[in-house]
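Working notes, beginning with the structure itself.
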Amino acid sequence: MINNQNFEMVKVSINHSVAKIIINNPPVNVLDVKLMSEINTILSSFSNDHSVKVIVFESENPDFFIAHVDMSLIDHPNAFDELAKDIPHHLNVFQAFGETIRKQPQITIAKLKGIARGGGAEFIAAVDMSFASIEKGQLAQCEALMGIIPGGGATVYLKNKAGRSRALEIILGADLFDAVTAEKYGWINRAIAHDEIDQFVDRLAQNIAHLPEGVIAAAKETLYPAGFEKEFQLEHTNWEALFAKSNAERLIRGGLENGAQTVEGELHLEEILRKLA
């Protein structure tokens, strides 16, 4: 049984078999150990709850869904040790987080009404379906500007969703994508007018939740991509090798010193990081 009093960064509600998870980790919803742990706990609780059919993720912050992984963790290399205890051997902790979301028995839907970068964009790619506000939804894999590549599944998910050429553009171009372009690339399901997205997602979630028993499980199993293990290993190996280089530390620390993880800085993060290159 989920009790909101046990969580600091998420709020959970359930309505007619649809669970809503609202993320709130001020000031910009960085993906830190606490937020990952709370989401993991909730997903684990729901994994055997057959009364919940759909899980919808959204943000309480009007500007940010999940900014990215907490950059200050560069000073805390052991922060994820507890989360890493029981993950599959071929995954790192960020990849395991994405795979937990992707393999959830319920249908998972992200409602993007702000910015999702880095690990936040990987979150969007890991869910079953994602819908973004035309006016405010934006996505970026900005890791290349920090001297690394994505390490939480983006190279695997994006190649599957957008194709290799567009995945390379997203990762190496390292720009913010508007919702309409993200839809064209297959990164999200659909770009929807800001004042219509809530009604659309609510209706879709309830329609799915009321399908006959077994239909959701059969669809997810049938459409489950296979053969990801080696791709995740390759992503981790290359990400880890780049992260060990001095450039990565210099760029991450420089980003933090110049406004990363503040509201104003995050609205212009790519510009900040490009100036440090």
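Residue pairs meeting the ring pair (Phe, Tyr, Trp, His ring centres under 6.0 Å) criterion with at least one partner in residues 9-64, sequence neighbours excluded, are Phe57-Phe123.
Glu122 places a side-chain heavy atom less than 4.5 Å from the side chain of Gln141. For the pair Glu196/Gln199, no side-chain contact is recorded, criterion being any heavy-atom separation below 4.5 Å from C-beta on. Side-chain contact between Tyr185 and Lys161: absent, with no pair of heavy atoms (C-beta onward) separated by less than 4.5 Å. Under the 4.5 Å side-chain criterion, counting only non-hydrogen atoms from C-beta, Phe228 is not in contact with Gln95. At least one side-chain heavy atom of Arg274 sits less than 4.5 Å from a side-chain heavy atom of Asp175. With a 4.5 Å cut-off on side-chain heavy atoms, Pro27 and Glu266 do not count as touching.
Residue-environment remark: NZ (Lys136) exceeds the threshold of 12 foreign heavy atoms within 6.0 Å. Other residues, nucleotides and ligands contribute at most 12 non-hydrogen atoms within 6.0 Å of the NZ atom of Lys184. For Asp195, the CG atom sits in a packed shell: over 12 heavy atoms of surrounding residues, nucleotides or ligands are nearer than 6.0 Å.
Ring pair Phe94/Phe80 is perpendicular by interplanar angle, where above 60° counts as perpendicular and below 30° as parallel.
Judged by distance alone, the side chain of Glu235 and the main-chain N or O of Thr155 form a donor-acceptor pair under 3.5 Å. Between the side chain of Thr100 and the main chain of Ala96, a donor-acceptor pair closer than 3.5 Å is present. Between the side chain of Asn92 and the main chain of Gly151, a donor-acceptor pair closer than 3.5 Å is present.
Residues Leu204 and Ile101 fall into different hydrophobic clusters, defined by Ile, Leu, Val, Met, Phe, Trp and Tyr side chains chained together at heavy-atom separations under 4.5 Å.
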